[in-house]
Amino acid sequence: MTTHDDSASCMIIPEDAAQLPAAFAEAFNSGNAEHLDRLYDDPGVLVPGPGHPVTGEARAAADRHLLGLGLPIDARLRHAYVAGDVALLIVDWSVQGTAGDGEEVHLQGSAADVARRGPDGVWRYAVNNPFGTG
């Protein structure tokens, strides 16, 4: 893994595709939206709901919304299929508990994510698809 340090924060960016879900969980659980954003390739797509891909500021807003729940994510890699600089990651995940507004949250899914290794040798999400084929 590669450490990114910009004097304001420090985070790990994986040099192994199979480590990307753990890096995502660490960034998510830190509550730091900037850390999450660094784990996306440019332009990097998030599919917050089936059939609704977002990128750029819309992606960042969707991630901030989830972070706003104030709950941790549990992400467990089930499979990593790597072909050169592209990987398909199958990840079982959940976000559960009582959010800051008192609402009970029970989100879970099996992600079908596409990751790409950049010229710097680290892996980032090209497509973060948390609900898989749903």
Next on the checklist: Before you tell me yes or no, could you show the steps for Leu36 and Phe28 under side-chain contact (heavy atoms from CB on, under 4.5 Å), namely the whole-Å CA-CA distance, both residues' side-chain angles and the distance that decides it to 0.1 Å?
Outcome noted: CA-CA 6 Å; Leu36 273 183; Phe28 188 98; 4.1 Å; yes
Item to check | Steps toward side-chain contact (heavy atoms from CB on, under 4.5 Å) verdict (Phe24, Val91) | outcome: CA-CA 11 Å; Phe24 183 89; Val91 181; over 6 Å; no
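Heavy-atom minimum distance, Ser30 versus Ala27: OG-O, 2.6 Å. The minimum heavy-atom distance between Ala112 and Leu88, with the atom names listed, is C-CD1, 4.3 Å. Scanning all heavy atoms of the two residues, the minimum distance from Gln96 to Ser94 falls at NE2-CB, 3.7 Å. Between Ile73 and Ala25 the shortest heavy-atom distance is CG2-CA, 3.7 Å.
The side-chain hydrogen bond (donor to acceptor under 3.5 Å, both in side chains) test with Asp92 is passed by exactly one of Arg78, Arg76, Gln108: Arg78. For the side-chain contact (heavy atoms from CB on, under 4.5 Å) test with Leu66, the passing option among Leu107, Leu71, Val105 is Leu107; the others fail.
Between Asp42 and Arg124 there is no salt bridge, since no side-chain nitrogen of the basic residue lies less than 4.0 Å from a carboxylate oxygen of the acidic one.
In terms of hydrophobic clustering, with Ile, Leu, Val, Met, Phe, Trp and Tyr side chains grouped at heavy-atom distances under 4.5 Å, Ile90 and Val45 are assigned to different clusters. Linking ILVMFWY residues whenever their side-chain heavy atoms come closer than 4.5 Å, directly or via other members, places Phe131 and Leu46 in the same cluster. Residues Val95 and Leu89 share a single hydrophobic cluster, defined by chaining ILVMFWY side chains whose heavy atoms lie under 4.5 Å apart. Residues Val47 and Val54 are members of separate hydrophobic clusters, defined by side-chain heavy-atom contacts under 4.5 angstrom among Ile, Leu, Val, Met, Phe, Trp and Tyr.
Annotation: side chain of Asp37 is in contact with side chain of Arg59 (closest heavy-atom distance under 4.5 Å). In this structure the side chain of Leu39 reaches within 4.5 angstrom of the side chain of Pro14, judged on heavy atoms. A 4.5 Å side-chain heavy-atom check between Trp123 and Val82 finds at least one atom pair inside the cut-off.
In this structure, Asp41 contributes its side chain and Ala115 its backbone to no donor-acceptor pair below 3.5 Å. At distances below 3.5 Å, at least one donor-acceptor pair connects side-chain atoms of Arg117 with backbone N or O atoms of Gly84.
Aromatic ring pairs are classed by plane angle as parallel below 30°, tilted from 30° to 60° and perpendicular above 60°; the pair Tyr125 and Tyr40 is tilted.
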